[in-house]
Colleague: 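The following block contains the structure, expressed as structure tokens.
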Amino acid sequence: MKLWDKGYDIDSLIENFTVGRDRELDLQLARYDVEGTIAHITMLESIGLLTSEELPVLIEELGHIAADIEAGRFEIEDGIEDVHSEVEHLLTQRLGALGKKIHSGRSRNDQVLVDLKLFYRDAMRQMARRVRELFDLLQSLSEKHKDVLMPGYTHLQMAMPSSFGLWFGAYAETLCDDMQLIATAFHIANQNPLGSAAGYGSSFPLNRTMTTRLLDFEDLHYNVVAAQMSRGKTERAVAYAVNAVASTLGRLAMDLCLFNSQNFAFVKLPDQFTTGSSIMPHKKNPDVFELIRGHCNRLQSMVNEVSLLTTNLPVGYHRDLQLLKDTTFPAISQMDSCLEMAVHALRHIEVRHDILDAPMYDLLFTVEDVNRLTLQGMPFREAYKKVAQEVQQGTYQPTRQLHHTHEGSLGNLCNAKIARKMERVLSQIKGV
């Protein structure tokens with residue numbers, strides 16, 4: 001069955017090529033197609049295109065389809081092009097001619113668009129929940145280990161004393177910025193395209209405000225051409241949100257791979273979280289973080305893929321846009337998996353407490369000693385030169401005293417303020 005069937009057969013190679021992975025990927029849209037259809041037919045009844053007797057019959061049968069979807073019994077049958085066709089096919093099969101009435105005032109274009117908007121809206125909510133879970137864990141680890149010192153680095157050279165509190169907390173606060181992009185993508189997705197039809201509206205007196213309310217969208221695309229142009233625009237916003245989170249998570253995973261190595265030995269994974277070598281008996285590899293790093297690096301290509309698929313397309317719908325699902329659906333699923341695994345592994349991370357006791361870290365305290373001399377009245381440039389000469393001559397003796405007292409520094413991490421920052425951003429995402 002094809003919603004556009006005109007009574008002639010399509011070449012099988014052409015059909016297989018044009019359908020692509022739609023039948024597989026569309027299963028993720030099934031519940032949203034039912035949800036969008038219920039809103040649409042409720043509106044149709046209000047303007048007289050369905051009777052008050054027909055509407056409850058359709059809604060009841062759509063409820064049965066929704067139950068099958070939730071129970072995992074729903075499938076797109078052979079010969080059915082996509083999820084939209086399957087839902088209409090089931091209704092027609094069960095209710096006869098009544099099932100054929102649901103498409104009045106609707107094109108497959110705005111039907112697909114509303115499904116995707118609902119899907120991406122929920123995907124951003126789910127990503128926000130996962131990011132919030134990671135944020136809360138990082139904040140907890142930051143507080144727990146705020147007094148455990150570790151080396152800070154610039155250029156991968158020892159720089160100044162830091163702490164695990166500062167390190168965990170840095171990634172937590174970075175997630176606040178990532179959450180802002182998730183919120184932006186959520187808002188862009190949370191607009192109703194239903195009623196725009198093929199991108200040029202409908203001659204039926206559709207009540208688009210009503211479907212906006214029924215589907216709990218915060219706004220609608222007023223211009224019907226703009227509604228159609230949001231296909232690709234929404235995916236690009238989602239891609240930037242995924243990119244931001246993947247960038248932060250990939251960098252955290254890289255730190256953990258580095259710090260878990262024997263040359264650093266700052267952190268340790270439990271044995272059951274590591275893998276071994278087929279030839280080296282001693283190996284305990286942090287594969288979980290290596291794979292998170294790899295997945296996150298690959299996920300950052302999502303922006304390029306979406307951009308290249310949508311750049312310079314003329315106005316209106318084009319079949320190229322179908323390929324966006326091939327990119328975005330697996331990426332969203334993979335991002336969710338990476339966030340879940342990061343939280344699971346970090347809950348069991350072990351932090352070493354005696355790192356700076358080793359003499360090799362004496363030079364970390366040079367800045368502290370320059371600042372100490374400056375606070376005692378020596379001009380900064382002279383204090384800097386004095387300590388530098390001692391280092392060069394091998395006579396430097398660190399005091400190992402820390403003077404970091406300002407906000408956001410060692411021992412004063414501002415985690416409560418960072419938590420409030422996250423709450424402000426999260427409040428923008430309804431339903432989280």
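The first residue of the sequence shown is numbered 1, and numbering continues consecutively from there. FYI, side chains are in, hydrogens and waters are out, and symmetry mates aren't considered; it's all heavy atoms of this structure. None of the values given here were measured: they were computed from a predicted structure.
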Colleague: Quick one: side chains of residues 61-77, donor-acceptor pairs under 3.5 Å with protein atoms, not counting sequence neighbours, listed by atom name and distance.
Modeller:
residue	atom	partner	partner atom	Å
Glu61	OE2	His64	ND1	3.4
Glu61	OE2	Arg94	NH1	2.7
Asp68	OD1	Arg73	NE	3.0
Asp68	OD1	Arg73	NH2	2.8

Colleague: Is there a donor-acceptor contact under 3.5 Å from the side chain of Thr184 to the main chain of Gln180?
Modeller: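 Yes; at least one donor-acceptor contact below 3.5 Å.
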Colleague: Establish, from distance only, whether the side-chain atoms of Asn285 and Glu290 form a donor-acceptor pair under 3.5 Å.
Modeller: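 Checked: Asn285/Glu290 side chains show no N/O donor-acceptor pair below 3.5 Å.
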Colleague: So, for Ser142 and Gly165, which heavy atoms are closest and what is the spacing to 0.1 Å?
Modeller: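 Here Ser142 and Gly165 meet closest at OG-O, 2.5 Å.
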Colleague: Using a 4.5 Å cut-off on heavy atoms from C-beta on, say whether the side chain of Met335 contacts that of Leu249.
Modeller: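 SC-SC contact between Leu249 and Met335 confirmed.
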Colleague: Specify the closest pair of heavy atoms between Arg352 and Ala265, including all atoms of both residues, with the distance to one decimal.
Modeller: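 Answer, listing the atom of Arg352 first, then Ala265: CD-O, 3.1 Å.
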Colleague: Would you say the side-chain atoms of Asp110 pair up with the backbone N or O of Ser107, donor to acceptor, closer than 3.5 Å?
Modeller: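 A pair under 3.5 Å: yes.
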Colleague: Measuring only between side-chain heavy atoms, which start at C-beta, is Ile41 closer than 4.5 Å to Leu55?
Modeller: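 Ile41 vs Leu55: side chains touch.
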Colleague: Tell me whether the rings of Phe168 and Phe164 are parallel (<30°), tilted (30 to 60°) or perpendicular (>60°).
Modeller: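 The arrangement is tilted - the two ring planes meet at 30° to 60°.
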Colleague: For the side chain of Gln322 and the backbone of Arg319, is there at least one donor-acceptor N/O pair under 3.5 Å apart?
Modeller: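 Not a single qualifying donor-acceptor pair exists.
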Colleague: Can you see whether Glu235 engages Thr328 through a side-chain donor-acceptor pair at a distance of less than 3.5 angstrom?
Modeller: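 Checked: Glu235/Thr328 side chains show no N/O donor-acceptor pair below 3.5 Å.
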Colleague: Does the side chain of Arg108 come under 3.5 Å of the side chain of Ser85 through a donor N or O and an acceptor N or O?
Modeller: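 Not at all, the side chains of Arg108 and Ser85 share no donor-acceptor pair under 3.5 Å.
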Colleague: Measure the acute angle between the ring planes of Phe259 and Phe264, then classify it against the limits of 30° and 60° as parallel, tilted or perpendicular.
Modeller: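 Plane angle between 30° and 60°, so tilted.
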Colleague: Ser52 versus Glu45: any side-chain heavy-atom pair under 4.5 Å?
Modeller: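 SC-SC contact between Ser52 and Glu45 confirmed.
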